[in-house]
Amino acid sequence: VYPTVEQADKLVAQLRSFTAVRKLVSIGAGEGFLEGQLERRGIAITAVDLDVLADPARYRSMRRYCSSIVRVRPDALLEIAEPESTGLLFVWGAKLPWEAYLARYPTVSLVVIVGDPEVGDRCATTPSAVALEGKAGWKQGRRREHGEASGDGVRGDARLLRQGGAHRRA
């Protein structure tokens, strides 16, 4: 995902409107281009991608647009210290473990999903942009339809979803 300067600014404004969220964790960051754009605009973000190379030293020579990328094994999840003040970002991923993260961290208050709005076999991303639509406890905070003018810097369908009080821990 390669947003323009204007699109990245607009996305940052949307993210800042969720005042309970102090940090984002981006799962499936790849080279961290979007994460770097957010980071340079003052968004606290942890970029996460898979650790699949036999020689971890090879990661140092790979292109990276953000300050760092945390690597996790395919069978592991990143430990999130304060999930209730953390937002999860899933951007155009092929097979992101989004359900495992939501199960492990039920108090996460914001989930941003950018992906294909299709469902089932026709969907090119996991999760689909509509993965949490209609799920109990989740409310849509912002939505961009496929084909809408480039409002939030991403292609495909985007959803900013916030968790309602029913699923929050006291």
Exercise for review: Could you walk me through whether Ile27 and Leu77 pass the side-chain contact (heavy atoms from CB on, under 4.5 Å) test, one step at a time?
Suggested key: CA-CA 10 Å; Ile27 308 300; Leu77 299 177; over 6 Å; no
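- Using modelled atom types, one side-chain atom of Tyr59 and one backbone atom of Leu53 make a donor-acceptor pair closer than 3.5 Å.
- Not a single donor-acceptor pair under 3.5 Å links the side chain of Tyr101 to the backbone N or O of Leu88.
- To the nearest 0.5 Å, the span separating CG on Leu15 from CZ on Arg41 amounts to 11.5 Å.
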Point to revise | Residue pair Val108, Val25: steps toward the side-chain contact (heavy atoms from CB on, under 4.5 Å) verdict | key: CA-CA 11 Å; Val108 164; Val25 173; over 6 Å; no
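- Side-chain atoms of Asp116 do not come within 3.5 Å of backbone N or O of Ser128 as any donor-acceptor pair.
- Exactly one residue among Leu24, Ile69, Leu78 makes a side chain to side chain contact (heavy atoms under 4.5 Å, CB included) with Thr46. That residue is Leu78.
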Review point. Given Tyr105 and Glu82, is the side-chain contact (heavy atoms from CB on, under 4.5 Å) satisfied, shown in steps?
Key: CA-CA 9 Å; Tyr105 302 108; Glu82 297 177 358; over 6 Å; no
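- A salt bridge does not link Glu35 with Arg64: none of the charged nitrogens is closer than 4.0 Å to a carboxylate oxygen.
- With hydrogens and angles disregarded, a donor-acceptor distance shorter than 3.5 Å links the side chain of Glu39 to the backbone of Ser67.
- Considering CD1 of Ile45 and NZ of Lys23, their distance stands at 9.5 Å, rounded to 0.5 Å.
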Exercise for review: Could you go through the side-chain contact (heavy atoms from CB on, under 4.5 Å) check for Trp92 and Leu34 one step at a time?
Suggested key: CA-CA 11 Å; Trp92 210 256; Leu34 177 61; over 6 Å; no
